[in-house]
Visitor: 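The structure under discussion is supplied below as structure tokens; questions concerning it will follow.
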Amino acid sequence: GGDRADRRHGTIVVLRDEKVSHLGRRGIKGEKKVDLFAAFGVFLACVACCMVMGLPQFLALLVGLVCFFLVGLHRGHRAADLVQMTLTGMKTSVKVLRILVLIGLLTALWRAGGTGAFFVWGGAQLITPRTFILVAFLLPALFSLAFGSSFGVVGTAGVILMAIARSGGANLTVTAGAIISGIYVGERLSPASSSAALTAAVSGAEQRAFQHEMWRATPLPMALSLAVYGVLSILCPIRQVDSHIIEALESGFQLSWVTLLPAAAVLLLPWLKISAFLSITVSCVLAAICALFVQGMDLGELLLACLVGYQTAQPGLADIMAGGGLSSMINVVLTVVLSCAYSGIFNGTGLLDPVTDRVGHLVDRVGLFPVHILLSFGCCGLFCNQAVGIVMGAQLMEGEYRRRGLDSMELAVNLGNSVLNLAGLVPWAISASVPLTTLGVGASALPLAVYLYLVSLCWWACLVWKEKKRKKAAAL
């Protein structure tokens, strides 16, 4: 009887030890979740503060990086290892940084050489009462294809088109929606797009091949967008066109066809299998020649413009043509570098492994591309930043592509057809808030930016059709 009691007692002790051990493991897991949630909480609070106070987003990214570094230390990783993880992530941005430096030069040189002015002047000539909304889409679209920067286009062509809309009594919400659609056309397609370069880099795809795939996915959403804005041009005509801005451009610049050569270089050379880097370099050289010999700028003045941005004393043009230069890219460069550093930290420490597992389960239920759409809105909504959305989207999804035997190009294409444009539909993200503020309209213009979501919807429909066709062929 005593032996049985001892055995029973021993069993109770073993069970209690197992229960205590189980509770201990749960406590450790809970503690790990708490430190990660705390880091995200501090980071998101900093993002909100930067948005409210108008501070650069890279400051919030820097604070977040420090927080996740501390989480890594708390979980037992050595500081030297965490530094190495961070540097490994940053190396991903090297290819992008070369493009960003050239884009900084390009944005100043195109202004100084008159290329940007010629685009706007030529587009304004096409405006009639019943074509205005269509032109408000097409002009920024063409400009962004060559320029590559949505913010640069909205600050020049976008501002001018809104001024024409206000003076002519056009519908401002519809006009702004058309402009925002247009400025994002180049985000996926332009060789000078930093977003496209970053997408290719974090996916491990070659940029020229990636953008070729983007062009293949564009005709349907572009045709639908043209139809929508063609109808809206008829339904919402402009009453009159103010010629003052056109006159200011004619008096401020020599609007020769030669000034289009920098745009022709960046648009046509990639189709001859010349790299984006070399294409932009040629465009910069041609724009500098235009600035010196067509516009008559002094060499010292041009070099200063390359550093701090182009400036003009021409009345009526100072607010819309000034800007660009290497200094304008500082925030973008820091944002890209820090975003890539996050990738290194998350990869090395496995901090996002629980989230990645949940993403995998969701992919099994609804498919790859619908999850890309959800992640695009989720990441851009949380971090208010397109670059972080690109990096996080690649980070969370690349394991699923490897598991399914899919290559890096398929990841890049799905990112390009989702987050690059959908970031512009999140009202509080800088991808939307900056254009809306620049144009002086509210978030009600975003539903009218139809191209931004037609790209994703058309690609999704295409994938569904391909899958049905594959299943039908397999059943035969």
Side-chain angles (χ1 to χ4, degrees), residues 40 43-44 47 57 61 64-65 68 89-90 92-93 95-96 150 184 187-188 193-205 207 210-211 213-214 217 332 335-347 350-404 406-426 429-432 452-453 455-457 459-460 463:
F40 270 109
F43 173 46
L44 294 176
V47 170
Q57 285 290 317
L61 290 172
L65 185 62
F68 295 122
M90 287 180 174
T92 309
S93 67
K95 290 182 180 179
V96 184
S150 57
Y184 271 94
E187 288 286 302
R188 296 164 59 252
S193 168
S194 59
S195 301
L198 179 60
T199 302
V202 298
S203 304
Q207 183 181 348
F210 160 65
Q211 292 194 289
E213 294 297 320
M214 292 295 94
V332 179
T335 298
V336 169
V337 170
L338 289 171
S339 298
C340 291
Y342 276 59
S343 177
I345 287 278
F346 291 150
N347 264 333
L351 291 179
L352 292 184
D353 284 353
V355 182
T356 304
D357 291 339
R358 291 179 181 272
V359 168
H361 294 317
L362 188 58
V363 169
D364 291 335
R365 293 176 59 187
V366 301
L368 282 168
F369 193 67
V371 173
H372 272 291
I373 292 175
L374 294 174
L375 287 176
S376 299
F377 284 117
C379 291
C380 294
L382 280 175
F383 305 121
C384 306
N385 190 289
Q386 183 199 54
V388 179
I390 293 169
V391 173
M392 292 290 287
Q395 176 85 38
L396 293 171
M397 293 293 286
E398 61 181 351
E400 284 302 307
Y401 283 80
R402 285 197 302 268
R403 185 167 69 89
R404 295 162 188 269
L406 303 175
D407 61 23
S408 59
M409 183 58 72
E410 296 197 52
L411 171 60
V413 168
N414 281 337
L415 285 171
N417 286 325
S418 57
V419 66
L420 261 66
N421 281 355
L422 295 180
L425 293 174
V426 181
I430 59 174
S431 300
L452 272 62
Y453 51 83
V455 168
S456 295
L457 291 176
W459 183 245
W460 190 0
L463 292 175

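The shown structure was predicted, so the numbers you read here are calculated from the model rather than taken from an experiment.
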Visitor: Output the distance between atom OG1 (Thr199) and atom CE (Met214), rounded to the nearest 0.5 Å.
Guide: 8.5 Å
Visitor: Got Val355 and Met392 here, is their nearest side-chain heavy-atom distance under 4.5 Å?
Guide: no
Visitor: Could you work out, with ring pair (Phe, Tyr, Trp, His ring centres under 6.0 Å) as the rule, every residue matching Phe346, not counting sequence neighbours?
Guide: Phe68, Tyr342
Visitor: To the nearest 0.5 Å, how far apart are CG in Leu375 and CG in Leu422?
Guide: 11.5 Å
Visitor: When rounded to the nearest 0.5 angstrom, what distance separates CZ in Arg402 from OG in Ser408?
Guide: 11.5 Å
Visitor: Distance from Leu198 atom CG to Gln386 atom CD, nearest 0.5 Å?
Guide: 8.0 Å
Visitor: To the closest 0.5 Å, what do you measure between CE (Met90) and CD1 (Ile345)?
Guide: 9.0 Å
Visitor: Is there a donor-acceptor contact under 3.5 Å from the side chain of Ser456 to the main chain of Asn417?
Guide: yes
Visitor: Do His372 and Val419 make a side-chain contact, defined as non-hydrogen atoms from C-beta onward lying under 4.5 Å apart?
Guide: no
Visitor: Between CZ of Arg358 and CG of Asp353, what distance do you get to the nearest 0.5 Å?
Guide: 13.0 Å
Visitor: Quick one, Asn414 with Trp459, criterion side-chain hydrogen bond (donor to acceptor under 3.5 Å, both in side chains). Give me CA distance, side-chain angles, the key distance, then yes/no.
Guide: CA-CA 9 Å; Asn414 281 337; Trp459 183 245; 2.9 Å; yes
Visitor: Measuring only between side-chain heavy atoms, which start at C-beta, is Met397 closer than 4.5 Å to Val371?
Guide: yes
Visitor: With no hydrogens and no angle check, is any side-chain donor or acceptor of Ser418 less than 3.5 Å from a backbone partner on Leu415?
Guide: yes
Visitor: Using a 4.5 Å cut-off on heavy atoms from C-beta on, say whether the side chain of Thr92 contacts that of Val391.
Guide: no
Visitor: Would you check if Leu368 and Glu410 make a side-chain contact, meaning some heavy-atom pair closer than 4.5 Å?
Guide: no
Visitor: Out of the candidates Ser195, Ser431, Ser194, only one should pair with Glu187 under the side chain to side chain donor-acceptor pair (under 3.5 Å) rule; please name it.
Guide: Ser195
Visitor: So Leu420 and Ile390, do their side chains get closer than 4.5 Å, heavy atoms only?
Guide: yes
Visitor: Mind checking salt bridge (charged side-chain N to carboxylate O under 4.0 Å, His left out) for Arg403 and listing every partner two or more places apart, or none if nothing turns up?
Guide: Asp364, Glu400
